[in-house]
Amino acid sequence: MGSASPGLSSVAPSRLLLAPDAVLRTGLEKVAVGAAGPESRDWSPSPPATPEQGLSAFYLSYFDMLYHDDGSWAAKGPGASARDEPPEEPEQCPVIDSQAPGGGLDLAPGGLTLEEHSLEQVQSMVVGEVLKDIETACKLLNITADPVDWSPGNVQKWLLWTEHQYRLPPVGKAFQELGGKELCAMSEEQFRQRSPLGGEVLHAHLDIWKSASASEESWTDSEVDSSCSGQPIHLWQFLRELLLKPHSYGRFIRWLNKEKGIFKIEDSAQVARLWGIRKNRPAMNYDKLSRSIRQYYKKGIIRKPDISQRLVYQFVHPI
DNA sequence: AACGAGGACGAAG
DNA sequence: CTTCGTCCTCGTT
């Protein structure tokens with residue numbers, strides 16, 4: 001699926017990790033669709049069978065975009081993206097933080113291997129980035145996140161944007177007159193027929209959008225309070241729940257360092273909104289939510305990390 | 001303007 | 001009594 005973003009794999013080709021790059025490399029390969037072999041940069045381009053895999057596979061190409069030669073993390077959008085975010089905190093960077101020796105047999109506190117921990121953190125971060133990019137594109141193009149709802153005009157806009165963003169060969173009028181529903185119904189083979197050069201890549205990108213919007217529906221609607229029907233839900237428990245599902249909430253809240261229990265609220269308003277929904281408190285906002293978090297300080301449940309940063313907190317007793 | 005710390009008070013369990 | 005929700009003041013980024 002590396003071919004999902006050919007224009008990007010040229011950014012940081014095979015250098016996936018820091019010195020002991022076997023660690024994350026192997027971890028990522030577990031996530032990748034059917035990737036096998038060490039230099040699996042050119043694994044099969046066949047599309048993922050499930051949405052889950054679609055996103056997972058996309059981590060790889062995104063990983064390339066996030067990782068730069070100087071070894072620092074710059075949450076930079078693809079290609080000539082308009083977005084530019086401040087670099088990640090080096091202290092709590094998931095990758096740098098786990099300096100595992102090349103082995104990969106070492107067990108971290110949780111019983112998981114270090115690479116698995118690193119992988120989780122990379123995943124939650126990257127999922128957040130993917131969702132954010134999609135959100136950005138939606139605003140930019142004035143289209144919905146769900147491709148099924150696209151009009152033929154929306155489809156064209158998306159095609160143009162994707163071509164430009166990922167430096168794909170232009171498809172011209174190959175997909176003209178097609179609505180989102182028809183587009184989504186098309187197989188990879190059909191994509192390839194219409195656009196022999198970039199068809200399969202486009203199909204892969206569309207898959208990402210499909211799976212992303214599928215996960216989006218879960219939090220907009222029911223899922224918010226469906227997790228467990230326990231009555232007295234505590235705020236810290238709620239935050240943990242969100243952190244457990246980076247696929248759905250990764251753009252709102254995510255781990256900076258799961259082992260240490262350090263997490264960052266990326267979208268304070270959204271987290272507060274979700275908390276308000278859960279507690280049936282429509283007037284909830286981050287001001288109030290954060291006050292409750294601060295109550296946890298003296299209770300020894302949550303604290304500010306050693307290096308205090310905005311919107312970053314730490315569970316005193318990480319799992 | 002948003003975030004952060006913490007006092008005060010009351011509601012709800 | 002505990003946990004929050006609400007409101008508020010003042011300091012910091």
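Labels below follow one simple rule: chain letters A, B, ... track the order of the sequence lines, proteins then strands, and each chain is numbered from 1. Note that the coordinates shown come from a computational prediction; the quantities given were computed from them, not determined experimentally.
A close approach under 4.0 Å does not occur between any side-chain nitrogen or oxygen of A/Tyr297 and OP1 or OP2 of B/dG4. The shortest distance between the side-chain N/O atoms of A/Lys288 and the OP1/OP2 oxygens of C/dC4 is not below 4.0 Å. Between A/Lys304 and B/dG4, a side-chain N or O to OP1/OP2 separation shorter than 4.0 Å is present. Applying the 4.0 Å criterion to OP1 and OP2 of C/dC4, one finds that A/Trp275 has every side-chain N and O outside that range. For C/dG5, one of the phosphate oxygens OP1 or OP2 lies less than 4.0 angstrom from a side-chain nitrogen or oxygen of A/Ser292. A/Tyr286 has a side-chain polar atom (N or O) that falls below the 4.0 Å cut-off from OP1 or OP2 of B/dG4. For A/Lys299 and C/dT3, the shortest distance from a side-chain N or O to OP1 or OP2 is below 4.0 Å.
The separation between A/Lys279 atom NZ and B/dA11 atom P is 16 Å, rounded to whole Å. Taking atom CG of A/Asn280 as the reference point, atom P of C/dT6 lies 11 Å away to the nearest angstrom. Atom CD1 in A/Ile301 sits roughly 6 Å away from atom P in C/dT3 (whole-Å rounding). Distance, A/Arg281 CZ to B/dG10 C1': 12 Å, rounded to whole Å. Counting to the nearest Å, the P atom of B/dG4 and the CD1 atom of A/Ile293 are 8 Å from each other. At whole-Å resolution of the value, CD1 in A/Ile302 and C1' in B/dG4 are 14 Å apart. B/dG4 atom P lies 15 Å from atom CZ of A/Arg303, rounded to whole Å. In this entry the distance linking CZ of A/Arg278 with P of C/dC4 reads 13 Å, nearest Å.
Between atom CH2 of residue A/Trp255 and atom CG of residue A/Leu243 there is a gap of 4.5 Å, rounded to the nearest 0.5 Å.
Toward the 5' end of DNA chain B, the nearer of the two residues A/Ser268 and A/Gln295, judged by each one's closest nucleotide, is A/Ser268.
Within the structure, the salt bridge (Lys or Arg N to Asp or Glu O under 4.0 Å) test picks out the following pairs touching residues 285-304 of chain A (sequence neighbours left out): A/Arg303-A/Asp306. Sorted by first then second residue, the ring pair (Phe, Tyr, Trp, His ring centres under 6.0 Å) pairs that include residues 169-200 of chain A, not counting sequence neighbours, are A/Phe175-A/Phe191, A/Phe191-A/His203. Pairs of residues two or more places apart, or lying in two chains, never qualify as side chain to side chain donor-acceptor pair (under 3.5 Å) while including a residue from residues 170-186 of chain A.
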Dump the pairs, protein N or O against N or O of nucleotides 8-13 of chain C, anything under 3.5 Å, distances to one decimal.
{"residue": "C/dT13", "atom": "O2", "partner": "A/Arg310", "partner atom": "NH2", "Å": "3.2"}

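Looking at heavy-atom distances under 4.0 Å, A/Leu289 makes no contact with the nucleic acid at all.
Checking B/dC3, C/dT6, C/dC4 against the side-chain heavy atoms of A/His234 singles out C/dC4 as nearest. Side chain of A/Tyr313, nearest nucleotide from B/dG4, C/dC4, B/dA5: B/dG4.
Using a 30° and 60° split on the angle between ring planes, A/Phe238 and A/Trp275 fall in the tilted class, from 30° to 60°.
The two residues A/Leu235 and A/Ser292 come nearest to each other via the heavy atoms CD2-CB, 3.5 Å.
Remark: A/Asn154 pairs with A/Ile143, A/Trp150, A/Ser151, A/Lys157 by the side-chain contact (heavy atoms from CB on, under 4.5 Å) rule, at least two apart or across chains.
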All N/O donor-acceptor pairs, side-chain side in residues 312-319 of chain A, below 3.5 Å, sequence neighbours left out:
{"residue": "A/Tyr313", "atom": "OH", "partner": "A/Tyr286", "partner atom": "OH", "Å": "2.9"}

